[in-house]
Amino acid sequence: MERIGHRSRICPRFPVASRTLIVESRTLPTPQPLARWRVGGLALAAGAALALVVAGMAEAQAREPDSERLMGQEAEAGESGLEHPSEYLVVTDFPGELTDADLATWQEHVPDIQDVEIPSSADDYQQPALFYAPEGEEERPLLMVLHSWSTDYQQNIDIPLAEFAVANDWAFIHPDFRGANDGRPESTASELVISDMEDALEYARENASVDESRIYLLGYSGGAMNALHLASRQPDTFAGVAAWVPVYDLVSWHAWHEGSAEDYAEQIEGACGGVPEEGSEAHDECVQRSPKAHVPDAAGEMRVVIAHGIHDDLVPVDQALHAYNDLVEEETRLSQEQIEAIEENREVPDELVERSLHQEREYPHFDAAEASVLLHLQSGPAELVLFDGEHDMLYRPGLEWLAKQERE
């Protein structure tokens with residue numbers, strides 16, 4: 001999602017007061033000796049039941065990422081050693097408009113990039129994509145990047161992500177998945193879009209030597225919407241998913257833009273078959289095309305960071321907050337009152353600041369982009385980061401976070 005001809009800027013506004021974070025340590029219960037009793041003639045094994053509970057708790061605890069794998073870093077932690085060849089820190093600094101897309105610019109910056117076609121498994125479509133495979137047989141990480149709402153697979157602002165992949169000897173795929181979300185029914189998270197993304201992932205795995213434990217997915221805006229779609233269907237495939245300023249609910253986002261100068265509401269209506277009014281077929285279609293209908297099924301399984309600028313007027317921050325809520329346990333969710341306060345005041349309530357990890361961690365790549373972290377929450381494998389910015393993506397922190405993730 002991006003304003004054509006408009007460049008939003010990251011601008012520091014509301015500093016957040018420091019709070020002390022208290023972390024409660026927990027230990028697993030010790031399994032008790034096996035006890036048996038009879039109910040209605042059936043012998044029940046209490047010890048076995050308890051063992052299953054303990055095993056489940058251990059599995060859940062194992063899904064908790066270590067501190068060094070969280071966004072940012074602990075104080076005085078060393079540098080990762082990763083190469084970031086691009087000088088640009090945020091997408092709104094990359095030359096040109098956010099929707100600019102041309103192969104010549106890609107080839108200028110990434111000479112080894114290939115323009116390939118991938119046969120669709122759903123119809124006779126030949127999906128174009130940009131692809132890079134490192135030389136040699138050694139298994140390497142794979143970075144899959146999804147273009148945003150109003151453009152296609154040649155979107156120029158994703159060039160720094162490909163440059164990073166090449167510099168660090170990662171495989172890279174940048175698929176088209178039916179192009180821009182311009183109102184065509186086959187666009188905008190249709191089943192054909194989902195199938196295209198799956199086809200592109202399979203193509204990369206077949207045509208590069210990929211480390212299956214280090215497959216990464218990244219998207220910005222409309223690309224983040226589709227990243228959540230794909231990851232919710234294949235949560236065990238991706239070691240990490242980075243979703244920047246995502247559209248999460250097409251129905252509420254349509255309402256946000258209805259009557260505005262932007263074309264997004266009309267594009268959603270075109271894709272879904274009409275205005276998504278409650279009880280209409282268009283409403284049901286929009287619901288199914290929204291990550292909100294699928295992400296809860298992957299709660300506790302998807303290793304994901306959702307990052308959003310607190311001053312975003314194009315995709316309001318509540319889209320990210322509701323996405324995070326659907327991924328975490330009820331007791332760790334943001335309340336509706338807290339979500340409304342963030343949306344209205346563009347600042348984080350004190351009771352959330354007290355829960356935030358950002359008081360004890362450092363975020364050098366956010367700081368370098370003048371986009372201070374205002375809130376950092378983590379529950380299970382899901383993380384939420386609100387930063388002092390607008391509708392933007394920061395290249396380096398997302399890539400650094402992904403590089404720390406590895407699937408068991």
Side-chain angles (χ1 to χ4, degrees), residues 1-2 91 98-99 101 118 120-122 125 127-130 142-155 157-158 161 172-204 215-235 237-238 240-251 253-254 264 267-268 271-272 285-298 302-308 314-315 319-320 322-323 326-327 391 393 398 402:
M1 238 56 45
E2 55 284 324
V91 293
L98 292 174
T99 54
I118 304 169
S120 169
S121 61
Y125 179 62
Q127 176 188 192
L130 296 174
L142 168 63
L143 176 61
M144 184 175 185
V145 176
L146 305 178
H147 66 75
S148 65
W149 185 277
S150 300
T151 185
D152 61 22
Y153 77 108
Q154 294 181 353
Q155 184 173 24
I157 60 170
D158 288 338
L161 303 171
F172 176 84
I173 186 87
H174 196 251
D176 191 60
F177 50 96
R178 309 289 157 150
N181 297 329
D182 53 9
R184 291 171 295 123
E186 64 266 28
S187 70
T188 318
S190 68
E191 288 303 316
L192 291 173
V193 166
I194 305 302
S195 178
D196 282 356
M197 293 189 293
E198 293 174 339
D199 291 342
L201 175 61
E202 189 62 25
Y203 177 92
I215 298 177
Y216 305 124
L217 182 60
L218 184 149
Y220 160 65
S221 194
M225 175 184 76
N226 283 309
L228 293 175
H229 264 298
L230 181 58
S232 69
R233 289 160 169 81
Q234 299 190 28
T237 295
F238 299 102
V241 181
W244 291 85
V245 294
V247 175
Y248 187 61
D249 179 6
L250 285 172
V251 175
W253 196 61
H254 172 274
Y264 303 122
Q267 290 166 349
I268 292 171
C272 295
E285 185 68 21
C286 271
V287 167
Q288 283 304 306
R289 291 177 184 235
S290 299
K292 181 178 176 63
H294 308 279
V295 163
D297 293 338
M302 187 194 306
R303 182 73 180 106
V304 59
V305 62
I306 300 170
H308 214 109
L314 200 61
V315 178
Q319 297 274 321
H322 286 298
D326 282 348
L327 284 163
H391 191 68
M393 174 175 70
L402 288 172

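On a predicted model such as this, the values are computed, not experimentally measured, just so you know. Numbers here simply count residues along the sequence, with the first being 1.
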Task: Heavy-atom side-chain proximity of His308 to Val315 below 4.5 angstrom - done: yes
Open item on the list: Minimum heavy-atom separation for Gly219 and Ala227, please, with both atom names.
Closed with: N-CB, 4.4 Å
TODO: Using modelled atom types only, decide if a donor and an acceptor are shared between the side chain of Arg178 and the backbone of Ser190 within a distance under 3.5 Å.
DONE: no
Task: Side-chain touch Leu201/Glu198, heavy atoms, less than 4.5 angstrom - done: no
Open item on the list: Please tell me whether Asp158 and His174 have a donor and an acceptor in their side chains that are separated by less than 3.5 angstrom.
Closed with: yes
TODO: Measure the CD-OG1 distance between Gln154 and Thr99 for me, rounded to the nearest 0.5 Å.
DONE: 13.0 Å
Task: With sequence neighbours excluded, residues passing ring pair (Phe, Tyr, Trp, His ring centres under 6.0 Å) with Tyr203 - done: Phe131
Task: Distance-minimising heavy-atom pair for Pro246 and Ala243 - done: CD-O, 4.1 Å
Task: Short side-chain donor-acceptor distance under 3.5 Å, Ser148 and Gln155 - done: yes
- [ ] Check whether any side-chain heavy atom of Leu327 lies under 4.5 Å from a side-chain heavy atom of Met302, and answer yes or no.
- [x] yes
Open item on the list: Show the nearest heavy-atom pair for residues Asn226 and Leu146, with the distance to one decimal.
Closed with: C-CD1, 3.7 Å
Task: Under 3.5 Å: donor-acceptor pair, side chain of Ser195, backbone of Glu191 - done: no
TODO: Might you work through the side-chain contact (heavy atoms from CB on, under 4.5 Å) test for Gln319 and Val247, ending with a clear yes or no?
DONE: CA-CA 6 Å; Gln319 297 274 321; Val247 175; 4.1 Å; yes
Open item on the list: Regarding Asp199 and Tyr125, do their side chains bring together a donor and an acceptor under 3.5 Å, going by distance alone?
Closed with: no
Task: Non-neighbouring partners of Tyr248 that pass ring pair (Phe, Tyr, Trp, His ring centres under 6.0 Å), sequence neighbours left out - done: none
Task: Close side-chain approach of Gln288 and His294, heavy atoms under 4.5 Å - done: yes
Open item on the list: For Leu402 versus Ala242, what's the shortest heavy-atom pair and its separation?
Closed with: CD2-N, 4.1 Å
Task: Residues His254, Val251; criterion side-chain contact (heavy atoms from CB on, under 4.5 Å); working and verdict - done: CA-CA 5 Å; His254 172 274; Val251 175; 5.8 Å; no
Task: Least distance between heavy atoms, Cys272 atom then Arg289 atom - done: SG-CD, 3.9 Å
TODO: Could you tell me the separation between the CG atom of Asp182 and the OG atom of Ser150, rounded to the nearest 0.5 Å?
DONE: 9.0 Å
Open item on the list: Could you check whether any side-chain N or O of Asp176 sits under 3.5 Å from a backbone N or O of Gly179, counting only pairs where one atom can act as donor and the other as acceptor?
Closed with: yes
Task: Interatomic distance, Arg233 atom CZ to Met197 atom CE [nearest 0.5 angstrom] - done: 7.0 Å
Open item on the list: Could you check whether any side-chain heavy atom of His147 comes within less than 4.5 Å of a side-chain heavy atom of Phe177, counting everything from C-beta outward?
Closed with: yes
Task: Heavy-atom side-chain proximity of Met225 to Pro291 below 4.5 angstrom - done: yes
TODO: Return the minimal non-hydrogen interatomic distance between Ser187 and Ala180, and the atom names on each side.
DONE: CB-O, 3.6 Å
Task: Derivation and outcome, side-chain contact (heavy atoms from CB on, under 4.5 Å), residues Leu250 and Thr188 - done: CA-CA 10 Å; Leu250 285 172; Thr188 318; 4.2 Å; yes
- [ ] Could you check if a side-chain atom of Phe238 sits within less than 4.5 angstrom of a side-chain atom of Val304, using non-hydrogen atoms only?
- [x] no
Open item on the list: Would you compute the distance between atom CG of Leu217 and atom NE2 of His229 and round it to the nearest 0.5 angstrom?
Closed with: 12.5 Å
Open item on the list: Could you check whether any side-chain heavy atom of Met144 comes within less than 4.5 Å of a side-chain heavy atom of Ile215, counting everything from C-beta outward?
Closed with: no
Open item on the list: Return the NE2 to OH distance between His391 and Tyr220, rounded to the nearest 0.5 Å.
Closed with: 4.0 Å
Open item on the list: Let me confirm one number: the CG-OG1 distance from Asn181 to Thr151, rounded to the nearest 0.5 Å.
Closed with: 10.5 Å
Task: CA sep, side-chain torsions, deciding dist, call: His322, Asp249, side-chain contact (heavy atoms from CB on, under 4.5 Å) - done: CA-CA 9 Å; His322 286 298; Asp249 179 6; over 6 Å; no
